[in-house]
Structure formats: C-alpha cells, structure tokens
Number of protein chains: 2
Amino acid sequence: MTNSTRVSRIVSREVADCQTCHLRALCVPQGLPLKDIAELNGIAPPLAPLKKHDALFRQGMPFTSLFAVRSGSLKQVTTTYTNEHLVTGFFLPGDLVGLDAIAEECYPGSAVALETTTVCELPFERLNELSLRIPALRQRIYRDLSQEVHNERLMQRLLLNRTAEARLARFLLTMSASFRRRGYSPYRFQLAMTRGDIGNYLGLSLETVSRTLTRYQQHELVVIRGHDFHLCDMKALTRLSEACGRQGAAQQPS
Amino acid sequence: MTNSTRVSRIVSREVADCQTCHLRALCVPQGLPLKDIAELNGIAPPLAPLKKHDALFRQGMPFTSLFAVRSGSLKQVTTTYTNEHLVTGFFLPGDLVGLDAIAEECYPGSAVALETTTVCELPFERLNELSLRIPALRQRIYRDLSQEVHNERLMQRLLLNRTAEARLARFLLTMSASFRRRGYSPYRFQLAMTRGDIGNYLGLSLETVSRTLTRYQQHELVVIRGHDFHLCDMKALTRLSEACGRQGAAQQPS
DNA sequence: CGACCAATTGAAACTTTTCAAATTGTGTGG
DNA sequence: CCACACAATTTGAAAAGTTTCAATTGGTCG
C-alpha cells in the first residue's frame, strides 16, 4: 500500500567508533566486562539511518540479526492472521530489537521507525559463536530473554486488571524509567508514537488515551504538548498506576 | 497462614547422562509425550508428589532448577509489591516451570499445585554445562525462551483488546490445543483451577467468567460440569475468540 | 449435619467504546 | 511561503460491556 514503509536496510559498514554503541546496546540492564565487549567491535556495523515509517525489518523476513537502537525509536507491529495490527512493543536507544525472533527463524513482527532512527546490526550467528567463548555474553543473552519473559508476563497481568487511568500512568512511568536508565531526564521526554499507537499497545481506544491524558493535565499531574511529555507529579502517577481499579487481582486466588 | 502450602522439594541428584532426554524435556511448547516422561526418570528424578495447594517453589526462593510437569497441574502466582496476587500462568503435563526465573536468580512467582501433581527437577547448572557441549541444546534453550517472549507478547495484546467472551473463548481453545498436543482429547478435559483463577489470569472478575461460561452453554457451544469441560462447537468458539470486539487493534497504527 | 468454599445469578453503578464532529498539526505542491 | 489536503488529536453524547455488591445455590470435608 504505502511505499513509505519500504524496507531500507542498506548497510554502510564504514564506521569504526561504535564502542559506545556496543556498550549501551549490550549493557542495558547489566554490563558485560569491557574486555569482552571489545571483541564485539567487529560485528556490529551501524546501518544507514531509517526515516520515519521505514521498516527495519518486516514481519516474516528470515531472522538474521538483532539490532541495537542507537538513536530515535521504533515500534514493533505484529499482524495477526485475522489481519489485526497489534503494537507489541516500543524500542528506545539501547534496546535490543528482535529478541522474540530467535525462536521463529522469522521476525514475528515489523519494526517501524517512529522518527529518524539509527541502529547497529548484531548478526545472530556471530553472537552465537561468540557466546561460546564468552560465558558472560551467553549469560547476558539468557538473562535478557528471560527478563523479557518475566516482564511481559507481569506487565500483561498488571494491565489486564486495570483501568485506563492506571494503564496510562504505568506506561508513562515505564517510559520515564527507561529514559532515566539511559541518563536522560525522567521528568521530561519526547515520545514519537501517536495516541493510537499507545492505545493499541495498552488495549485502549485512542479516544480514551486522549481523554485520560487530558484528565491528568487537569489534575496537574503532567503537562503534555503534542509529543512532549512533562511528568509533574510522579507520586500521584505512581499511586494511580498501583490502584487496582478492578478485581481479579487483589484477591487470594485460592 | 495455611501450612498446606509448605514447600516440598527434596532433591535426589544421582544423574545419568542422556542427551536426548534433556532435549525432549526442553520441548516445552509442544509438550512432552507421555512415554518419554518415563525416560526422564533416570536423569531428572520425580519429586515427591505435591498435594493440592502445595507450593513447588515460592516467590523469592533462589533459582536452581527448572521443573517438568509429569502429571497434574500448577498455577504460577506472582505477588506484586502492592500485594496483589496475579495468576501468571498455568502448567500442564509436559510444561517447563521456572523459565522466567533464569533472569532473576530467584523465582519471580510461586508455583502452586492445583491438584495432586508430580514434577521432575532439572537442575539448571547441569543444563547450562550441557549447553556448552551440545550446540543443539543451547539453541533449544534460546528458542524456548524466545518463544515465550513472543507468545506472551502476542497473547497479551490479543487479550487486552478483547471482550470477556473472546478472552474466555481463546482461553478454552488454548487449553484445548494443549491437551491435543499431549495426545489427550481436545474436546473434553478437566481444568483444576477455579473460576477465580481463570478470571485473574484473563483480567476478568470471577462473576464475568461464570456468566460468560453460562452464556456459552445457553448457546450450546460448550457443556461444563464443575471442572469438566466439553467443547461442542469449536468453530463458534474460534469465531468468538477472533472477534475483535474492541478497537485499538484492527486499525492501521500509522 | 453444619461450616465453608466455589459457583451462579440479579441489579445497579461505573468504565470504556463507539460514533460523530470540531480542532489542531504537518507536510507537500503550487 | 502559503494554501491545501490529510493525519492526529480533542471533545461530546449515547451505547455497550464489565464490575461491584448482594443474595442464593451447590458441593465438600471434617
């Protein structure tokens, strides 16, 4: 349909720096010894920048690499066999994109740039080989994968039993924490995705997202100007995100 | 409180080497054929049977092993820091319990038997050692973990945008598929968990679960007697589970 | 049998979606 | 650079779905 989402994956392998890229890429939750990181240098060339709406990879393409986000952001969209488009994740600088492809041999969703975005490619074959020689790397991959499993599990449940207010509060706080971990301000950040993307991700209609955000502003919890987010009252947001508005959760299940 | 949920985990560590068994043991999504469960006996000795409400492990205990379910069933319950109890998964014979603990060093939830249940213990250290020598095994672990990530991601989104009717239909079909994979009838099976457990898992109140199930019966899609489930009209259930009752999904997110 | 827990059912309150329309923002071509 | 078209956002009001509260039934176990 729209050719603006064509795949642009032209590799420009002339980049030497990338040391920082590796560090950030592979040290998201926890670091890898520096001497091991050095070994990775050869294998992660940054790709040509993606423009907004460009796909890093498309659902169904054979899995070859993980990608570490250097700058910008992406969303992952999975199209189900019933032809629904589900936003299954957002990726910020430092995130590894493609982890959920390892099992499939193919990417189970498309990664689409939300803005101008640059990534490093980490060919999985090479990672695999390296992981034999570098125990810490193997451990790291295990950890990241397992971490994902756990995060998804918990996030899912947390969202399911919650009101729009709580979901959105949690979303904002999660984003805030991401930025904090990366050394950016947790109080003020830009989110390139649309209200529709957020709603899709959280299981809410875009109208509900808009309304809820408006209500937050009226209560002076946040100030939002387009894609510019300003968290003013983290405490209140935290309280909201924890309020278990619906049952099914707090009870003793047996 | 109730001492019936005491931890029973007696390890017997005499391990004979059997690569195939380990490999098969790791075939989580597919489940483990019944005849192979016997084979596991040598390497991964079954623990003393758990009685209903017994915990296989408790949230926070140091992670040491994965467990393969031999018979019976369990639920995993995670208690959040806000003291909510979330049912994060159900495990049937052939399932691997504990995958999401690898990242944490500790089990991120408690595994509680829903009925009399037997499991085999798979010490993770051994798996880890073996994975060094057996590339296929390492691949298998990667794959299973990644599969989980993907499944969780998709399941989450699918549930989030759906009505109670669709969620429950999907739940039943998922269970049905599990039983089919294990060689049991996909049309008739027993689920030991309570309506409350199901509701908690799906993000619905137990009343809604009950009502929806009743409605299914009125339309003759199923026959349910307590924990005895009878799926009569799989097609209709499938149709229901696919109906995207709410927006946020079907739209082109950009 | 009685106590207790799970399941069912009803009715009111509440939340979210849906539909519709107005407004703002953005990028492109003249 | 402006104007236009198109996308994203906001807002309103009615409809739909879910939860909550409350009461009842059914089953199990000591």
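- Within residues 208-221 of chain A, the residues approaching DNA chain C are A:Thr208, A:Arg211, by heavy-atom distance under 4.0 Å.
- The shortest distance between the side-chain N/O atoms of B:Arg195 and the OP1/OP2 oxygens of C:dA6 is not below 4.0 Å.
- The CG-P distance, from A:Asp228 to C:dT26, rounds to 11 Å in whole Å.
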Can you give each donor-acceptor pair under 3.5 Å made by side-chain atoms of residues 221-236 of chain A, sequence neighbours left out, with the distance rounded to 0.1 Å?
from, atom 1, to, atom 2, distance (Å)
A:His230, NE2, A:Arg188, NE, 2.8
A:Asp233, OD1, A:Lys235, N, 3.4
A:Asp233, OD1, A:Ala236, N, 3.0

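- Looking at residues two or more places apart in sequence or on another chain, you find a side chain to side chain donor-acceptor pair (under 3.5 Å) between A:Thr208 and A:Ser205.
- Protein atom CG of A:Leu191 is 11 Å distant from nucleotide atom P of D:dT9, rounded to whole Å.
- Residue B:His227 places at least one side-chain N or O under 4.0 Å from the OP1 or OP2 atom of C:dA7.
- Residue B:Leu206 contributes atom CG, which lies 10 Å from atom P of D:dT19 at whole-angstrom precision.
- B:Glu165 and B:Thr163 share no donor-acceptor pair across their side chains, judged by distance under 3.5 Å alone.
- When the salt bridge (Lys or Arg N to Asp or Glu O under 4.0 Å) test is applied to A:Arg180, no partner is found at least two apart in sequence or on another chain.
- Partners of A:Glu115 under the salt bridge (Lys or Arg N to Asp or Glu O under 4.0 Å) rule, at least two apart in sequence or in another chain, do not exist in this structure.
- Between the CE atom of B:Met193 and the C1' atom of C:dA7 there is a distance of 16 Å, given to the nearest Å.
- When rounded to the nearest whole Å, the span between CG of B:Leu204 and P of C:dC14 equals 21 Å.
- Under the 6.0 Å cut-off for aromatic ring centres, A:Phe189 and A:Tyr184 do not qualify, their centroids lying 6.0 Å or more apart.
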Output side-chain donor-acceptor pairs under 3.5 Å for residues 167-177 of chain B, partner residues at least two apart or in another chain, one line each.
from, atom 1, to, atom 2, distance (Å)
B:Arg167, NE, B:Leu159, O, 3.1
B:Arg167, NE, B:Arg162, O, 3.0
B:Arg167, NH1, B:Leu202, O, 2.8
B:Arg167, NH1, B:Gly203, O, 3.3
B:Arg167, NH2, B:Arg162, O, 3.4
B:Thr174, OG1, B:Arg170, O, 2.8
B:Ser176, OG, B:Pro186, O, 2.7

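- Here D:dA8 presents its P atom at 21 Å from CZ of A:Arg225, a figure rounded to the nearest Å.
- At its two ends the helix from C:dC1-D:dG30 to C:dG30-D:dC1 runs along axes set 40° apart, each axis drawn from five pairs and the angle rounded to 10°.
- B:Ser210 pairs by the side chain to side chain donor-acceptor pair (under 3.5 Å) definition with nothing, not counting sequence neighbours.
- A:Leu159 places its CG atom 13 Å from the P atom of C:dT16, with the value rounded to the nearest Å.
- Listed by chain and residue number, nothing satisfies the side chain to side chain donor-acceptor pair (under 3.5 Å) test with B:Thr116 (two or more places apart in sequence, or in another chain).
- One interatomic measurement links the two molecules: CD of A:Glu207 to C1' of C:dA20, which rounds to 10 Å at whole-angstrom precision.
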